[in-house]
Amino acid sequence: MQLTENVYYYPENGMLDANTYIIKDRENIIIDIGFENYFPELFNQMGKDGFSPEDIGIVTNTHIHLDHYSGNKAFKDVSGARVLVHPLFKEHYEISAAGVARMFGVAPVPLTDDGELSPDIFEETEFKIFNTPGHSQESLCFYSQKLKVLICGDLIFKGNTGRVDFPGGNPSLLKEHIGKMAKLEIEMVLPGHMEYVKGREEVIQNFKFIEEFVLNWL
């Protein structure tokens with residue numbers, strides 16, 4: 001589903017899945033491909049917007065918990081897209097990816113890549129990449145001042161925040177980086193799970209609600 005110019009949204013389909021976003025740019029970029037088992041429904045929804053897997057040039061992620069990155073290689077095999085990872089993903093793999101997987105009693109998924117993630121991939125949309133630790137140490141947000149869009153992974157949700165009790169979680173850092181993102185000019189918050197938040201006033205109110213009713217309990 002197209003949300004705004006150049007940005008498309010595909011909601012999570014079940015356990016170990018995440019909201020997926022496509023950024024239409026010089027090379028089309030897909031963020032948080034989720035769990036391979038849900039590819040048939042994802043591909044069906046993409047097709048309604050005119051995308052086939054082969055139209056995607058780059059796969060990347062907001063962070064490396066299983067529900068966000070586990071399908072990276074499978075999507076690459078289907079589409080031919082390159083998997084680009086931030087250097088922090090490799091640095092924190094043992095804690096964020098392997099550690100959380102073992103916490104749930106499942107085997108870690110290897111982190112494969114075809115190169116390093118760089119803001120240079122966003123030419124038309126001008127997204128910038130921010131490291132926003134708290135939910136996990138390597139967590140990223142993608143922000144376009146041009147589009148006034150924040151793709152925030154599990155930093156914040158509609159009316160809530162990401163968990164901080166996983167390996168590598170840190171409530172103080174989560175609060176700090178939510179505060180930093182709240183200062184940006186945002187008209188759409190696109191989280192890793194659940195509903196998105198659309199409209200400048202709704203975005204402001206969501207940050208205020210989280211500050212007043214959620215952050216003090218972390």
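A quick note: this is a predicted structure, and the numbers were derived from the prediction, not measured. Atoms considered below: every heavy atom in the structure, side chains included; atoms not considered: hydrogens, waters and symmetry mates.
Using modelled atom types, one finds a donor on one side chain and an acceptor on the other under 3.5 Å when comparing Ser96 with Glu138. Thr125 and Asn6 share no donor-acceptor pair across their side chains, judged by distance under 3.5 Å alone. Donor-acceptor pairing under 3.5 Å is lacking for the side chains of Asn131 and His177. With 3.5 Å as the limit, one finds no donor-acceptor pair spanning the side chains of His86 and His92.
Under the 4.5 Å side-chain heavy-atom criterion for Ile, Leu, Val, Met, Phe, Trp and Tyr, Val197 and Phe209 are members of the same hydrophobic cluster. A continuous path of Ile, Leu, Val, Met, Phe, Trp and Tyr side chains, each step under 4.5 Å between heavy atoms, connects Val149 with Ile129, placing both in one hydrophobic cluster. When hydrophobic clusters are built by joining Ile, Leu, Val, Met, Phe, Trp and Tyr residues whose side-chain heavy atoms come closer than 4.5 Å, directly or via intermediates, Val189 is grouped together with Leu215. One hydrophobic cluster, built from ILVMFWY side chains closer than 4.5 Å, cannot hold both Met194 and Tyr196; they sit in different ones.
Not one N or O on the side chain of Asp114 forms a donor-acceptor pair closer than 3.5 Å with the backbone of Leu84. A donor-acceptor pair under 3.5 Å is absent between the side-chain atoms of Asp32 and the main chain of Gly34, judged by distance alone. For Lys90 (side chain) and Val85 (main-chain N/O), no donor-acceptor pair under 3.5 Å exists by modelled atom type. Between the side chain of Asp49 and the main chain of Met1, a donor-acceptor pair closer than 3.5 Å is present. Proximity of a side-chain donor or acceptor of Ser144 to a complementary backbone N or O of Leu147 within less than 3.5 Å is detected. A side-chain donor-acceptor contact under 3.5 Å links Tyr69 to the backbone of Val109. Between the Asp17 side chain and the Asn13 main chain, a donor and an acceptor come within less than 3.5 Å of each other. Of the possible polar contacts, none joining the Asn61 side chain to the His63 backbone as a donor-acceptor pair under 3.5 Å is found. In this structure a side-chain-to-backbone donor-acceptor pair under 3.5 Å is present from Asn19 to Pro191. At distances below 3.5 Å, at least one donor-acceptor pair connects side-chain atoms of Asp55 with backbone N or O atoms of Ser52.
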From CA spacing to verdict: side chain to side chain contact (heavy atoms under 4.5 Å, CB included), Thr132, Leu140: CA-CA 5 Å; Thr132 52; Leu140 306 177; 5.6 Å; no
Carefully, step by step, assess Ile33 and Phe39 under the rule side chain to side chain contact (heavy atoms under 4.5 Å, CB included). CA-CA 9 Å; Ile33 195 65; Phe39 280 6; 3.7 Å; yes
One pair to check against side chain to side chain contact (heavy atoms under 4.5 Å, CB included): Phe142 and Thr60. What are the steps and the verdict? CA-CA 11 Å; Phe142 299 84; Thr60 194; 4.2 Å; yes
Derivation of the side chain to side chain contact (heavy atoms under 4.5 Å, CB included) call for Ile178 and Thr161: CA-CA 9 Å; Ile178 288 174; Thr161 71; 3.7 Å; yes
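Relative ring orientation between Phe157 and His193 is described as perpendicular, the plane-to-plane angle rising above 60° on a 0-90° scale split at 30° and 60°. Tyr143 and Phe130 have tilted rings, their planes meeting at an angle from 30° to 60° on a 0 to 90° scale.
In this structure, Val164 and Leu218 approach most closely via the heavy-atom pair CG2-CD2, 4.4 Å. When every heavy atom of Met46 is checked against every heavy atom of Ile56, the shortest pair comes out as CE-CG1, 4.2 Å. A pairwise comparison of heavy atoms in Cys141 and Leu150 identifies CB-CD1, 3.9 Å as the closest pair. The two atoms that bring Met181 and Ile186 nearest to each other are O-CD1, 3.3 Å, heavy atoms only. Scanning all heavy atoms of the two residues, the minimum distance from Val59 to Ala81 falls at CG2-CB, 3.8 Å. In terms of heavy atoms, Glu124 sits closest to Arg26 at OE2-N, 3.8 Å.
To the nearest 0.5 Å, atoms CG (Asp165) and CE (Met103) are separated by 5.5 Å. Rounded to the nearest 0.5 angstrom, Lys183 NZ and Glu185 CD are separated by 15.5 Å. Rounding to the nearest 0.5 Å gives a distance of 5.0 Å between NZ of Lys208 and CD of Gln205.
For the pair Glu176 and Lys180, the salt-bridge criterion is met [side-chain N within less than 4.0 Å of a carboxylate O]. A salt bridge links Lys158 to Glu195: at least one charged side-chain nitrogen sits closer than 4.0 Å to a carboxylate oxygen. Taking a cutoff of 4.0 Å between a charged side-chain nitrogen and a carboxylate oxygen, Arg82 and Glu27 qualify as a salt bridge.
Aromatic pair Tyr21/Tyr9: ring centres closer than 6.0 Å.
Put simply, the residue from Phe75, Tyr10, Phe51 that forms a side chain to side chain contact (heavy atoms under 4.5 Å, CB included) with Phe43 is Phe75.
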